[in-house]
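Read the structure below first, then the notes.
So that the names make sense, note that chain A is the first sequence line, chain B the second, and so on, each numbered from 1. This is a predicted model, so every value here is computed, not measured.
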Amino acid sequence: MADEIAASAAPENGAGPRQGRSAFQRLLTVTIGPIVGAFLLSAVILLLVGVNPLTYYGYILERGLLSGLGLEQTATRMAPLLFLVASLIIAFRSGIWNLGTDGQFLLGAVAAAASAPLLVGVLPGWLVLVVGFVLAAIAGAIWSVLPAILRAYQGVNEIITTLMMSFLGVLMASTLVKLVLLDPGTTVPQTRTLPVADRLPRLFDTSISSGLIWGLVAVVAVHLMMTRTSFGMRLRVVGANPAAATHAGLSVPLLTVAVFGLSAGFAGLAGAADILGVQGNVRADWNPAYGLMVIPLVFLARFNGYASIVLVFFYSALLIGSESAARRLGVPQDFTLVLVASLLICLGLGEYIDHKKSRKER
Amino acid sequence: MDALLTDAFLSSLLTGAIVAAIPILLAGLGEQMSEKAGVLNIGIEGMMLMGAYIGFLVAFETHSIWLGFLGGILGGMMVSAIMAFLCVRLGLNQIVIGIGLTIGAEGLTALLHHFQFSRTYPRLPAPVRVDVPGLTDLPVIGSSLFGRHPIVYLALLGMIVLALLYRRTNLGMTLRAAGEKPSALDVAGGSVGRLRVAAVMFTGAMAGLGGAYLANIGAGLFLPFMTGGAGFIGIVLAMLARGRPLWVLIGALIFGAALSLTTALQVAGSNIPTDVIQMLPFAAVMLVLVLFGRRAKLPAALGIAYERGAR
């Protein structure tokens, strides 16, 4: 199975036999086609429940992309999503299915929310944020230790273990908030709140959180690490062909554990970015469940960091728009799940058509 | 802890264990069939959820729990038909499509439920139980073991039939070939594609039935996202059972007990937060994987689409 992810992880390798077709045609079948297909498929479902898809999509476009405030919210929402993209790029390019980012994200969020408010006044402002981020990364990484060891040394399939740890992590986060980290100052079950003044600074005169910048840095850094450094090269070899990696003298188990740690660490950072930049605290039972939703974007981008950034921007606008549409048009936000699922399926179909066409030319 | 070990507590624990075990037993048995044939069916969570929604809807509209089960089976099969087409016929990545189907079913059922019932959650009337004469009156185990809905006994019968199918019939052997060495089956004149499609459809039917049980008997109502990982637990059961249906049952009962501790402890008036108790089944899965994960045996060609003549 690892070979399969790796096969799609190496977009450059496929260039050879496809010379007969223009890059534009490829873009059409594997990127634009699936996106259009997903919106059409979802439109059918909107029609089925009696909502005019044009009204709905138009509203989302207007709210998430075309209004000033909406655009600022969209940019702010990108921060946690970008860290998650970084997390998934590391894992998928190394042939590891980390499906546990939701749990890692929430525990990172809880770690940041537990530490930062207590450190305000004790440490300088910037150090409070740094400590919050570092602790979040550690919390996320710890949650991947068990799946990492099971995969690296016992060969247990990480799809199941990371999913199970994710369920556990979500419940653990909520338990910690309710039992250990309760803010004594309020009756609502939530952690202490980081004052707005101590959160990540905002960009210029806008309401955009500077978490966006750090998220962009994270994705670019991860992209360069995976494509340009020898460490990234090693990870990709392990993902593409573990047997060959062993023959080449690489320590596959150690590198596997490293992949899990890095990937889960970035998922933890995503949680911190949301808490230290926007939320300020963690409420009990809060779970935005971004993790699985980001997967299609990363696949659509062919694990390319730069392409992922563009897609995250549009996905973020979709989230902001649909949250507002839930209130205004009465279409529950769950509709974004349908849209994301349609995207995954259309993506697979596009890939299939592309594969068939490139075969014919050979 | 003595106060916990009353008859009422044990009886509700046992009842809960069985009620919670049946959906994951059905899901696990279904998943086992797919895995044997070489398809890793991650979409099973979505199939359960769709089965739960359609099953509930049909039972609610027709006032017949049996038609509800039938609806659940069809609901699960609708999702698995997409999986069969995309992953077996077209050979797309089983994990990506599986995640897609799960996410899609989550969104679609929540959406449909919203437009159907808005924010109300209507209940079904309490299900009929079939009492086994004489045995139902036994203390503690009586009503919990022998006073269940007939579908429970059918599920157990199904498990036995599957065990015989895998061990004693040609079909069982052929299925195994499709999962272990599809090229050999192809050469021998069998159709890998057709077998795998049938296996995936069977998985959908079983998962859908499990979902319908969860909604119609377990809860008596439909809630969005109500499966809460039961399908994934079914996958673990199938992975650890090494191809034997009996082990799926044993696993399902253990996880069912862990799941039902939530309600049983609440009945007993324990003040442990529900979040902690809800961790039990997932913690149990991890514990089992730590202890026995190395021994999980999966078919050699699992997760790999079969393409004739490919290397």
Discussion item. Over 60° means perpendicular and under 30° means parallel, so tell me whether A:Trp286 and A:Phe105 are parallel, tilted or perpendicular.
Written reply: tilted

Response to the item:
Residue from B:Leu112, B:Leu111, B:Ile99, B:Leu90 scoring the most non-hydrogen pairs under 4.5 Å with chain A is B:Leu90

Item to complete: Tell me, out of A:Val331, A:Val156, A:Val338, A:Thr175, who's got the most heavy-atom pairs with chain B below 4.5 Å.
Response: A:Thr175

Worksheet item: Can you say whether B:Leu86 sits under 4.5 Å from chain A via the side chain, the backbone, both, or neither, judging by heavy atoms?
Response: side chain

Fill in: Largest heavy-atom contact set with chain A, pairs under 4.5 Å, which of B:Ile97, B:Val96, B:Ile82
B:Val96

Item to complete: Supply the atom-to-atom distance A:Leu84 CG to A:Met293 CE, rounded to the nearest 0.5 angstrom.
Response: 11.5 Å

Worksheet entry | Pair B:Phe222 + B:Phe117: ring centers closer than 6.0 Å | no

Worksheet item: Of the backbone (N, CA, C, O) and the side chain (C-beta and beyond), which part of B:Met279 lies under 4.5 Å from a heavy atom of chain A, both, or neither?
Response: both

Response to the item:
With chain B, the option among A:Leu163, A:Leu171, A:Leu146 that has the most non-hydrogen atom pairs under 4.5 Å is A:Leu171

Discussion item. Quick check on side chain to side chain contact (heavy atoms under 4.5 Å, CB included): which of A:Asp334, A:Leu337, A:Leu292 does B:Glu106 satisfy it with?
Written reply: A:Leu337

Fill in: Distance, nearest 0.5 Å, that separates OG of A:Ser324 from OH of A:Tyr59
2.5 Å

Worksheet item: Can you check whether A:Tyr56 and A:Phe39 have ring centres sitting under 6.0 Å from each other?
Response: no

Worksheet item: What distance do A:Phe92 atom CZ and A:Ser87 atom OG have between them, rounded to the nearest 0.5 Å?
Response: 8.5 Å

Discussion item. For chain B, which candidate among A:Ser174, A:Pro147, A:Gly348, A:Pro332 shows the most heavy-atom pairs at distances under 4.5 Å?
Written reply: A:Pro332

Worksheet item: Tell me, side chain or backbone of B:Ile42 under 4.5 Å from chain A's heavy atoms, or both, or neither?
Response: side chain

Worksheet, complete the sentence: Counting heavy-atom pairs under 4.5 Å with chain B, the top scorer among A:Leu347, A:Val49, A:Ile45 is A:Val49

Worksheet item: What part of A:Leu339 gets closer than 4.5 Å to chain B, counting heavy atoms only: side chain, backbone, both or neither?
Response: neither

Practice prompt. Give, as side chain, backbone, both or neither, the part of A:Ile295 having an atom under 4.5 angstrom from any heavy atom of chain B.
Written response: side chain

Worksheet item: What part of A:Leu168 lies closer than 4.5 angstrom to a heavy atom of chain B: side chain, backbone, both or neither?
Response: both

Worksheet item: For the atom pair CE (B:Met48) and CE (B:Met206), what is the distance rounded to the nearest 0.5 Å?
Response: 10.5 Å

Fill in: Beyond-backbone contact of B:Leu101 with B:Glu45, side-chain heavy atoms, under 4.5 angstrom
no

Worksheet item: What part of A:Leu343 lies closer than 4.5 angstrom to a heavy atom of chain B: side chain, backbone, both or neither?
Response: neither

Worksheet item: So what's closer than 4.5 Å to chain B heavy atoms on A:Leu150: side chain, backbone, both or neither?
Response: side chain

Worksheet item: Measuring heavy-atom distances to chain A, does B:Phe115 have an atom under 4.5 Å in its side chain, in its backbone, in both, or in neither?
Response: side chain

Worksheet item: Can A:Glu323 and A:Arg328 be said to form a salt bridge (charged side-chain N to carboxylate O under 4.0 Å, His left out), step by step?
Response: CA-CA 9 Å; A:Glu323 274 166 25; A:Arg328 293 279 294 279; over 6 Å; no

